[in-house]
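Below is one structure, written out as structure tokens; comments come after it.
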Protein chains: 2
Amino acid sequence: MITIKEIAKAADVSPSTVSNALNGKPNVSEKVRERIFALCEEMNYQPNPASKGLKSGKSKTLLFVFSDFDRQFYLQIIKGINQYTNLRGYDLLVCSAKTCSKFMHPSITCGSIILDRRVQDQLILQKASKDYPIISLDRPLKHQGAKSILLDNYSVMSELIEGLYHRGYRKFAFLAGVESTLDNQERYAAMAEVLRSHGLKIAPEHHLHGDYTEQSGYQAAKILLLSKQLPEIVVSANDDMAFGMIEAFRESGLRIPQDIAVTGFDDEKPAEALGLTTISVPNFERGYLATQHLINCIIGEGDFEPVTINARVAWRNGTVLKQLGSRSPKDQ
Amino acid sequence: MITIKEIAKAADVSPSTVSNALNGKPNVSEKVRERIFALCEEMNYQPNPASKGLKSGKSKTLLFVFSDFDRQFYLQIIKGINQYTNLRGYDLLVCSAKTCSKFMHPSITCGSIILDRRVQDQLILQKASKDYPIISLDRPLKHQGAKSILLDNYSVMSELIEGLYHRGYRKFAFLAGVESTLDNQERYAAMAEVLRSHGLKIAPEHHLHGDYTEQSGYQAAKILLLSKQLPEIVVSANDDMAFGMIEAFRESGLRIPQDIAVTGFDDEKPAEALGLTTISVPNFERGYLATQHLINCIIGEGDFEPVTINARVAWRNGTVLKQLGSRSPKDQ
DNA sequence: TTGTAGGCGTTATCAA
DNA sequence: TTGATAACGCCTACAA
């Protein structure tokens with residue numbers, strides 16, 4: 001590797017002069033500057049970013065941590081992050097939970113956005129500080145240096161269930177995601193509460209379990225089909241599982257939405273083509289906003305109060321009937 | 001930031017002893033080692049990766065460069081890269097073209113995989129060397145230090161067109177992507193050659209142009225609909241444009257595939273649901289393979305000969321008729 | 001078993 | 001306008 005020293009030797013000046021020239025300092029003569037630039041070109045000099053970070057300690061690079069490369073909507077989040085990062089003149093680096101610890105360091109990056117359940121809370125708390133702010137998505141944390149951006153699962157899920165109730169649905173099933181996640185808990189709590197307020201509840205055999213994958217939705221549907229009584233509608237904790245269910249129902253000859261209705265959560269790309277009623281999460285905006293907060297914290301103009309953002313119900317007709325008929329759901 | 005020095009002071013030993021302890025060197029007594037570890041924990045010591053890379057120069061971190069956060073199938077490539085990277089005990093960093101130059105340096109990463117048209121050939125040639133190998137996807141390069149992994153567009157496109165010919169199609173249109181890209185050129189050349197071998201060619205008004213986006217496909221279809229004579233089939237240079245076309249045709253009341261057939265390229269997720277006949281590219285495998293070659297080059301066991309991989313035609317019935325009828329295509 | 005000293009590539013300070 | 005020197009945090013001979 002060519003270093004500043006070798007350029008200096010070739011240009012017959014001192015290393016500091018080369019450094020000054022390269023950094024556009026005014027105290028270098030035009031003649032010398034030109035000579036140095038020519039030599040850098042010629043010798044293919046590549047500045048060593050590690051040593052640069054050593055002295056200065058500042059990096060102007062943000063880190064985004066995520067691993068779940070299956071979930072397409074994450075791309076929208078990256079897009080939002082990427083766009084705002086560029087806007088403010090920062091660089092973006094992406095890595096997965098496995099290796100993020102190493103890169104969450106002021107000498108490499110100056111802050112991070114975490115969207116990866118596999119990152120331990122403890123690691124975030126350990127790394128976060130006013131000098132190294134961290135934004136965590138979908139993960140409530142109370143810490144000076146860590147700021148949470150949360151989705152208001154509860155409100156939007158309530159809106160969905162209310163809407164379904166008013167369309168005439170009474171017999172609900174819930175397809176849960178990973179039980180331990182806060183998202184899942186909130187989505188379930190909202191649903192249960194709205195139903196309770198209408199004197200309804202979910203039958204135990206209609207409380208289904210998946211792990212957010214399409215396959216688990218397929219399996220849950222197959223199991224549901226064994227039960228004596230089918231629900232009128234299955235509310236899935238995410239789209240992927242809803243897709244799996246729909247496939248399983250269709251395979252069994254059930255018509256959707258006439259025989260059984262399905263809703264999702266996330267509004268992934270195929271949801272629109274399928275006409276799936278689901279929850280549309282403003283992912284691009286989430287990423288954008290997260291980055292905005294992060295940079296503000298970095299430059300000392302942000303606070304560490306949690307922020308909540310809203311989603312909306314995307315009503316579509318492919319998987320939910322407009323009007324079920326309040327008492328006799330099967331007479332379609 | 002807590003450094004090794006401060007730990008040393010607190011533990012009342014020298015910095016080198018701390019370094020030795022932390023690196024598991026045998027020349028540290030159990031007592032001292034324990035004291036040091038406890039203090040690191042207590043003081044929340046975070047080793048500075050930049051300085052580590054300074055001396056050794058080796059990083060065991062790979063870089064993947066891509067920006068096109070819209071194209072979903074890139075996720076599959078990352079998945080493949082990520083999986084193999086983990087397998088070999090390396091770390092993975094992802095960045096976009098805009099900032100990659102900075103991170104393509106031995107002090108940060110030890111090699112990169114480039115899948116981003118916006119990265120200039122020149123930059124790759126400048127950075128690549130036996131000590132810093134670069135794998136470029138879909139970009140032919142001849143250079144010691146850079147290895148190309150290319151898709152055999154020509155063969156698979158020939159197979160598609162032959163198959164369509166044998167199904168009875170005669171009047172072909174081609175919806176081109178960005179003209180300057182090699183991918184597009186090869187796809188067109190294969191199509192033209194197969195048609196020529198059967199004494200056919202594409203009418204000038206049936207040579208359509210897009211830029212790989214869904215919207216451009218939609219527009220191209222609208223323009224095509226103005227022409228006096230419609231083709232029997234439009235072969236699109238990618239899926240996204242095919243999706244746009246299909247939407248436009250349907251809006252105009254055309255039935256697909258009865259009135260007009262469509263094929264794509266990429267086999268993106270929605271292609272299956274739509275029944276779109278398209279080219280399925282083994283993206284996960286490409287990523288996996290690219291990483292394998294990269295690491296082999298890094299450890300000095302690879303070569304820099306280009307590699308070609310094969311795609312396959314995914315025949316589906318939603319957008320192409322099984323048998324058009326060799327002479328009278330419209331009598332469906 | 002521990003400590004000292006030098007170096008990695010760059011930047012900043014200060015002197016020439 | 002330039003150059004010498006020290007410093008950033010860590011590692012590694014080598015000396016004690």
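Reminder, nothing fancy here: chain letters follow the sequence lines and each chain counts from 1.
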Checking side-chain polar atoms at under 3.5 Å, does [X] have a donor or acceptor matched by the opposite partner on [Y]?
X        : Y        : answer
A/Thr291 : A/Tyr90  : no
A/Asn283 : A/Gln76  : no
B/Ser129 : B/Asp131 : no

| said: Would you compute the distance between atom CD of A/Gln46 and atom SG of A/Cys40 and round it to the nearest 0.5 angstrom? | reply: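 Atom-to-atom, A/Gln46:CD and A/Cys40:SG are 10.0 Å apart.
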| field | Rounded distance [0.5 Å steps], CG in B/Asn48 versus CD1 in A/Ile108 | value |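 Spacing of CG (B/Asn48) from CD1 (A/Ile108) equals 7.5 Å.
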| request: Taking only heavy atoms on the protein side, list every residue of residues 14-36 of chain A lying under 4.0 Å from any atom of DNA chain C, sorted numerically. | output: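 Within residues 14-36 of chain A, the residues near DNA chain C are A/Ser16, A/Ser19, A/Asn23, A/Lys25.
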Whole angstroms only, please: what is the [atom1]-[atom2] distance between [X] and [N]?
X        : N      : atom1 : atom2 : result
A/Leu54  : D/dA7  : CG    : C1'   : 10 Å
A/Lys5   : C/dT10 : NZ    : P     : 9 Å
B/Lys52  : D/dC8  : NZ    : P     : 19 Å
A/His105 : D/dG9  : NE2   : P     : 9 Å
A/Lys102 : D/dG9  : NZ    : P     : 19 Å

| Does any N or O in the side chain of A/Ser67 come within less than 3.5 Å of the main-chain N or O of A/Ser96, such that one atom is a donor and the other an acceptor? |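 Not a single qualifying donor-acceptor pair exists.
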| Is there a donor-acceptor contact under 3.5 Å from the side chain of B/Asn20 to the main chain of B/Lys25? |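 Such a contact is absent between B/Asn20 side chain and B/Lys25 backbone.
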| task | State, to the nearest 10°, the angle formed by the axis through the first five base pairs of the helix from C/dT1-D/dA16 to C/dA16-D/dT1 and the axis through its last five. | result |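 The value is 50°.
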| Shortest side-chain distance from B/Ile4, nucleotide among D/dC8, D/dC10, C/dT11 | D/dC10
| Are the charged groups of A/Arg118 and A/Asp68 less than 4.0 angstrom apart, N to O? | no
